[in-house]
**Q** 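One structure, pasted below without further comment.
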Amino acid sequence: MRSQICRSASRAARYLLSAPRQSSHVFAEGRAAAAAAAVSLRGKVPYLTSYGRTDSGNASIGWISGALALPAAAYMLQEQEAHAAEMERTFIAIKPDGVQRGLIAEIISRFERKGFKLVAIKIVVPSKGFAQKHYHDLKERPFFNGLCDFLSSGPVIAMVWEGEGVIKYGRKLIGATDPQKSEPGTIRGDLAVVVGRNIIHGSDGPETAKDEINLWFKPEELVNYTNNAEKWVYGEN
Ligand code: IDP
Ligand code: MG
């Protein structure tokens with residue numbers, strides 16, 4: 001039952017990302033799912049038989065079941081909203097070294113095969129000023145200038161990927177900043193050798209992801225669509 005609710009919430013979250021203007025419908029759907037779960041559990045769990053009805057012949061059991069049913073429904077609602085929050089978007093860029101080394105398809109395919117969905121992509125040569133904006137949080141570091149020179153030295157593939165947990169898991173796919181420390185099996189671990197040429201960038205958290213997507217893309221460049229594979233990646237029920 002719990003996994004059913006989670007999947008229902010997950011579908012709702014995917015819908016939310018695909019149709020942002022109709023978000024109230026999603027939450028209505030979420031609450032309906034929790035209510036339905038509580039109703040359905042009433043038949044199966046002895047303590048959740050009614051909301052305070054006393055026609056079972058035992059007034060105290062009826063009262064207890066009523067008292068427990070509401071927290072249970074609230075708990076399930078929290079669970080599904082927590083789960084729904086995992087549907088995310090992240091900013092991923094193949095840096096000039098990855099592009100020049102012919103690794104575009106290799107890198108994209110790792111995200112695609114995992115089950116994440118590409119919702120924006122473009123090739124662009126960022127100006128140095130733009131690179132400085134992108135890496136603004138590193139401006140005090142000694143490598144900042146060289147890093148910005150490098151990012152603006154050639155074409156970058158800028159992308160937005162969508163999926164449950166894609167921000168954190170995208171970083172796992174990418175591997176540690178220094179390829180000498182990246183695990184084999186990760187993009188940097190398999191395909192790069194030194195920190196100054198580590199071929200790929202990925203947002204490091206939800207706030208950064210939002211800021212970086214806004215910096216690199218206009219809202220209309222993000223494409224909302226349902227991928228036919230989604231029902232196989234996430235399940236339908
Ligand atoms: P991240 O790309 O794994 O998020 P950050 O610490 O945000 O790593 O650094 C951004 C980029 O700056 C790195 O991907 C790497 O290209 C470069 N960088 C980080 N540390 C060093 C360093 O010590 N020397 C040279 N370049 C560095
Ligand atoms: Mg970073």
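One-based numbering, in listed order, for ligands and for the atoms of each. Note that the structure is predicted; figures quoted are calculated from it, not measured.
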**Q** Identify the protein heavy atom lying closest to atom 18 (N) of ligand 1, giving its residue, its atom name and the separation to 0.1 Å.
**A** F143 CE1, 3.5 Å
**Q** Could you identify the single nearest non-hydrogen protein atom to atom 15 (C) of ligand 1 and state the distance to 0.1 Å?
**A** V195 O, 3.3 Å
**Q** Where is the tightest heavy-atom contact between L151 and A131, given as atom of each residue plus distance?
**A** CD2-CB, 3.9 Å
**Q** N/O to N/O below 3.5 Å, does that happen between G196 and ligand 1?
**A** no
**Q** Does the E88 side chain pair with the main chain of I167, one donor and one acceptor, at a distance under 3.5 Å?
**A** yes
**Q** Please work out, at 4.0 Å between heavy atoms, whether the side chain, the backbone, both, or neither of R188 comes within that distance of ligand 1.
**A** side chain
**Q** In terms of residue, atom name and distance, what is the protein heavy atom nearest to atom 1 (P) of ligand 1?
**A** T177 OG1, 3.5 Å
**Q** Okay, side chain of Q100, backbone of D97: is any donor-acceptor separation there less than 3.5 Å?
**A** no
**Q** Nearest protein heavy-atom contact for atom 10 (C) of ligand 1: which residue, which atom, what distance?
**A** L138 CD1, 3.4 Å
**Q** Determine, for F217 and K122, whether the Lys NZ or Arg CZ falls below 6.0 Å from the six-membered ring centre while staying within 45 degrees of the axis.
**A** yes
**Q** Give me the nearest non-hydrogen protein atom to atom 17 (C) of ligand 1 as residue plus atom name, then the distance to 0.1 Å.
**A** L147 CD1, 3.8 Å
**Q** May I ask you to check whether Y135 has an N/O atom sitting below 3.5 Å from an N/O atom of ligand 1?
**A** no
**Q** Quick one: nearest non-hydrogen protein atom to atom 16 (O) of ligand 1, plus distance?
**A** K95 NZ, 3.0 Å
**Q** Whether R197 engages the ring of F150 as a cation-pi pair (distance to the six-membered ring centre under 6.0 angstrom, angle to the ring normal within 45°) should be assessed.
**A** yes
**Q** In terms of residue, atom name and distance, what is the protein heavy atom nearest to atom 4 (O) of ligand 1?
**A** R171 NH1, 2.8 Å
**Q** Could you go step by step and tell me if F111 and W161 meet the ring-ring contact (aromatic ring centres under 6.0 Å, His included) rule?
**A** CA-CA 8 Å; F111 280 82; W161 286 87; 5.4 Å; yes
**Q** If the cut-off is 4.0 Å to any non-hydrogen atom of N198, which atoms of ligand 1 fall inside it?
**A** 13 (C), 14 (O), 15 (C), 16 (O)
**Q** Spell out, as yes or no, whether a donor-acceptor pair under 3.5 Å connects the side chain of R101 to the backbone of L191.
**A** yes
**Q** Is it the case that the side chains of K128 and N145 hold a donor-acceptor pair, with the cut-off being a distance below 3.5 Å and no angle test?
**A** yes
